[in-house]
> 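Before we start, here is the structure in question, set down as structure tokens.
Worth knowing before you read on, the calculation uses all heavy atoms, side chains too, and leaves out hydrogens, waters and symmetry mates.
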Amino acid sequence: MSRLAASNLKARMIVDKAFRISEIDERIYGSFIEHLGRAVYGGIYEPGHPTSDEYGFRGDVKQLIRDLRVPIVRYPGGNFVSGYDWEDGVGPVEDRPKRLELAWRTLEPNYVGTNEFMRWAKDAGTDVMMAVNLGTRGIDAARNLVEYCNHPGGSRYSDLRKSHGFAEPHKIKMWCLGNEMDGPWQIGHKTAEEYGRLALETGKAMRLIDPDIELVSCGSSSTGMPTFPSWEADTLDHTYEVADFVSLHQYYGNRDNDSANYLARGMDMDHFIHTVISTTDYIKAKKRSKKTMKLSFDEWNVWYHSNEADAQIDRNPWSVAPPQLEDVYNFEDALLVGSMLMTFLRRADRVKSACLAQLVNVIAPIMTENGGRSWKQTIYYPYLHASVYGRGVSLKPVVDSPKYDAQDYTDVPYLDTAVVHNEEEDTLTIFALNRHLTEALDLTCDVRSFEGYAIEEHIVLENDDLKAVNTADSEKVAPHNRGASELKDGIVSGRLAKASWNVIRLRKRG
């Protein structure tokens with residue numbers, strides 16, 4: 001007798017190994033560390049902490065990051081980079097200046113800079129996406145930083161790096177040409193014409209030093225910007241041939257406490273990606289270019305819980321590492337994060353890099369106490385599952401799902417899904433979100449092209465309370481592997497609990 005009882009809600013899908021979208025670039029599981037709040041000081045770096053290494057970096061945090069298999073981390077900002085002099089963060093720490101940091105109105109002590117962060121990243125098992133300052137600075141500072149980081153030696157800035165104790169070049173591959181330069185809040189905010197010209201000339205100079213680097217041109221700060229998507233068209237008109245990526249940024253919140261509408265936000269993200277692709281392809285056609293622009297979604301997450309607390313901090317500026325942007329994430333936030341990750345997988349042909357913003361304490365999956373414990377927020381788990389199991393080839397499933405209408409969206413499928421085939425490991429992973437808030441969803445999935453496969457496990461993240469949170473004392477939201485699914489005659493039958501995140505993993509036998 002089947003352990004799967006009937007449900008009124010039913011969805012069907014067909015998965016075939018021939019329905020390939022693209023090889024997945026592992027960098028879509030990247031993250032972000034900015035000199036903001038307690039991301040660096042009290043987050044990854046805390047000398048004297050019981051777990052800290054000889055350089056002051058917390059071992060408990062590093063292990064949580066290693067477990068996530070984070071492939072790349074964007075650094076040092078963010079808004080911070082638009083007022084940052086990289087020279088402040090190299091050389092003897094005791095000689096480094098303390099600066100008034102204008103983006104977040106804090107005091108930056110510069111205890112951690114380029115070399116310290118590169119050392120930490122190597123130990124944490126991740127690469128670095130470096131951003132250059134195109135707000136208060138420009139071509140000269142950017143080219144010097146590339147020389148400092150990537151040139152082997154025999155020149156002014158490469159030898160300066162060596163004198164600082166780093167004989168080998170850092171070989172940073174990916175570089176952001178500024179940050180959110182379309183935003184009036186940005187230090188050194190520019191028009192599209194101003195930014196496009198500066199980014200082009202800066203990129204050209206950086207490439208003369210290291211022809212192998214990849215460059216990211218600033219896209220719009222969000223879909224809500226009045227200049228979107230003309231900003232992309234106007235800036236790429238300049239930077240198209242020098243840049244490899246254009247950036248996208250987007251954050252979501254549930255300020256109206258409308259969970260059905262909130263869980264549909266992935267559709268907005270998909271539309272954002274579609275619009276940027278259309279715009280970049282227009283510029284490609286206009287320039288008769290053979291290059292297809294890739295997308296770097298290098299800031300994305302839920303961000304709204306901490307807004308009121310941050311307003312209080314803003315009234316008392318110029319402290320070191322205040323607790324800024326410390327969103328405490330609940331269960332429904334984890335569901336939306338899963339949906340956003342699946343959106344990247346379905347667009348894996350063009351989205352080749354993405355950074356969950358951020359990694360520790362600041363709108364982050366990992367939280368810490370100064371001098372104390374670290375723990376996993378609710379959003380840690382879908383990020384973990386996607387990063388660990390979502391590597392290989394993204395497949396396009398044929399889906400038939402019941403739908404609903406929300407406040408801002410119509411025809412929202414209750415089943416949100418993405419599928420990954422890892423050919424080397426002979427695994428098939430079905431990521432599935434049931435958006436229905438009160439009813440389970442019965443899923444049948446035709447996987448007959450995967451002959452000889454068997455279900456290995458069905459991971460579920462569920463909770464009756466959409467507002468449940470994790471703390472240092474209590475992990476109320478955590479996955480289990482007791483999901484109800486079975487495979488018979490090439491058909492997977494699965495029960496997706498109400499408002500649940502599911503990972504159904506299959507592996508070839510023998």
Side-chain angles (χ1 to χ4, degrees), residues 2-4 7 11 13 15 24 26 28-29 64 66-70 263 266 329-346 356 365-366 375-392 394-395 397 399 414-422 425-436 440-445 447 450 453-466 468-470 475-487 491-509:
S2 171
R3 61 194 177 109
L4 303 173
S7 169
M13 55 193 288
V15 175
I24 298 161
E26 68 172 16
I28 67 169
Y29 304 121
L64 288 170
R66 290 191 198 105
D67 291 345
L68 286 168
R69 294 178 59 187
V70 179
L263 294 183
Y329 291 117
N330 59 36
F331 173 57
E332 68 179 3
D333 297 329
L335 298 179
L336 181 60
V337 164
S339 178
M340 296 164 83
L341 285 159
M342 290 189 292
T343 302
F344 297 148
L345 289 171
R346 293 193 298 269
L356 175 70
I366 298 168
W375 66 96
K376 304 168 186 174
Q377 291 231 63
T378 63
I379 66 170
Y380 183 95
Y381 289 108
Y383 181 27
L384 171 72
H385 296 151
S387 179
V388 173
Y389 303 124
R391 305 194 183 209
S394 178
L395 300 181
V399 179
Y414 282 116
L415 174 64
D416 191 6
T417 187
V419 182
V420 175
H421 178 208
N422 190 314
E425 298 181 4
D426 281 327
T427 60
L428 178 70
T429 301
I430 301 167
F431 298 101
L433 167 67
N434 178 9
R435 289 185 170 113
H436 203 291
L441 177 66
D442 280 346
L443 171 65
T444 57
C445 182
V447 295
F450 292 90
Y453 279 62
I455 292 178
E456 190 159 87
E457 65 176 336
H458 178 167
I459 303 169
V460 183
L461 192 67
E462 59 182 335
N463 198 293
D464 286 335
D465 182 5
L466 290 172
V469 303
N470 292 345
E475 188 173 69
K476 294 181 178 179
V477 180
H480 63 79
N481 62 357
R482 302 184 303 277
S485 60
E486 57 191 25
L487 174 59
I491 306 295
V492 173
S493 300
R495 164 62 63 86
L496 311 182
K498 66 177 183 179
S500 65
W501 163 257
N502 300 263
V503 185
I504 303 174
R505 301 179 56 232
L506 291 78
R507 185 182 296 275
K508 192 172 185 178
R509 292 173 295 196

> Nearest 0.5 Å, please: how far is CG in Leu443 from OG1 in Thr417?
7.0 Å

> Under 4.5 Å between any side-chain heavy atoms of Val337 and Tyr381, yes or no?
no

> Which residues satisfy the side-chain hydrogen bond (donor to acceptor under 3.5 Å, both in side chains) test with Arg69, sequence neighbours excluded?
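side-chain hydrogen bond (donor to acceptor under 3.5 Å, both in side chains) list for Arg69, sorted by chain: empty.
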
> Assess whether side-chain contact (heavy atoms from CB on, under 4.5 Å) is satisfied between Tyr383 and Lys376, documenting all intermediate values.
CA-CA 11 Å; Tyr383 181 27; Lys376 304 168 186 174; over 6 Å; no

> Is Phe344 close to Ile24 at the side-chain level, that is, under 4.5 Å between some pair of heavy atoms?
no

> Out of curiosity, Phe450 CZ to Thr427 OG1, how far, rounded to the nearest 0.5 Å?
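Atom-to-atom, Phe450:CZ and Thr427:OG1 are 9.5 Å apart.
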
> At what distance, to the nearest 0.5 angstrom, does CG of Asp465 lie from NZ of Lys476?
7.5 Å

> Picking from Val420, Asn422, Leu395, what satisfies side chain to side chain contact (heavy atoms under 4.5 Å, CB included) with Leu428?
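Among Val420, Asn422, Leu395, the one that satisfies the side chain to side chain contact (heavy atoms under 4.5 Å, CB included) with Leu428 is Leu395.
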
> Can you confirm whether Leu496 sits close enough to Leu415 that some side-chain heavy atom of one is under 4.5 Å from a side-chain heavy atom of the other?
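Side chain of Leu496 against side chain of Leu415, heavy atoms only: contact under 4.5 Å found.
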
> Side chains of Arg495 and Asp442: does their closest heavy-atom pair fall under 4.5 Å?
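Counting from C-beta outward, Arg495 and Asp442 do come under 4.5 Å.
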
> Which heavy atom of Val460 sits nearest to which heavy atom of Gly483, and what is that distance?
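For Val460 and Gly483, the tightest heavy-atom pair comes out as CG2-CA, 3.5 Å.
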
> List the atom of Ala468, the atom of Thr378, and the distance in Å for their closest heavy-atom pair.
O-CG2, 4.0 Å

> Please determine whether side-chain contact (heavy atoms from CB on, under 4.5 Å) holds for the pair Ile459 and Arg505, giving the CA-CA distance in whole Å, both sets of side-chain angles, and the decisive distance to 0.1 Å.
CA-CA 8 Å; Ile459 303 169; Arg505 301 179 56 232; 4.3 Å; yes

> With a 4.5 Å cut-off on side-chain heavy atoms, are Ile504 and His458 touching?
yes

> Quick check: closest heavy atoms across Val469 and Tyr329, and the distance to 0.1 Å?
CG1-O, 3.4 Å

> Taking all heavy atoms of Ser339 and all of Asp416, pick out the closest pair and write down the distance.
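For Ser339 and Asp416, the tightest heavy-atom pair comes out as OG-OD2, 2.6 Å.
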
> Donor-acceptor check, side chain of Ser387 to backbone of Leu68, threshold 3.5 angstrom: yes or no?
yes

> Heavy atoms, side chains only, cut-off 4.5 Å: are His480 and Glu462 in contact?
yes

> I need the Tyr380 OH to Glu475 CD distance, nearest 0.5 Å.
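Answer for the OH-CD pair, Tyr380 versus Glu475, is 10.0 Å.
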
> CD1 of Ile430 to CD1 of Ile455: how many Å apart, nearest 0.5 Å?
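It comes to 8.0 Å.
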
> Between Tyr453 and Val447, is the side-chain contact (heavy atoms from CB on, under 4.5 Å) condition met? List the steps.
CA-CA 9 Å; Tyr453 279 62; Val447 295; over 6 Å; no

> What pair of heavy atoms forms the shortest contact from Ala497 to Ser500, and how long is it?
O-OG, 2.5 Å

> Which heavy atom of Gly390 sits nearest a heavy atom of Leu345, and at what distance?
O-CD2, 4.0 Å

> What distance separates Glu425 CD from Tyr389 OH, expressed to the nearest 0.5 Å?
10.5 Å

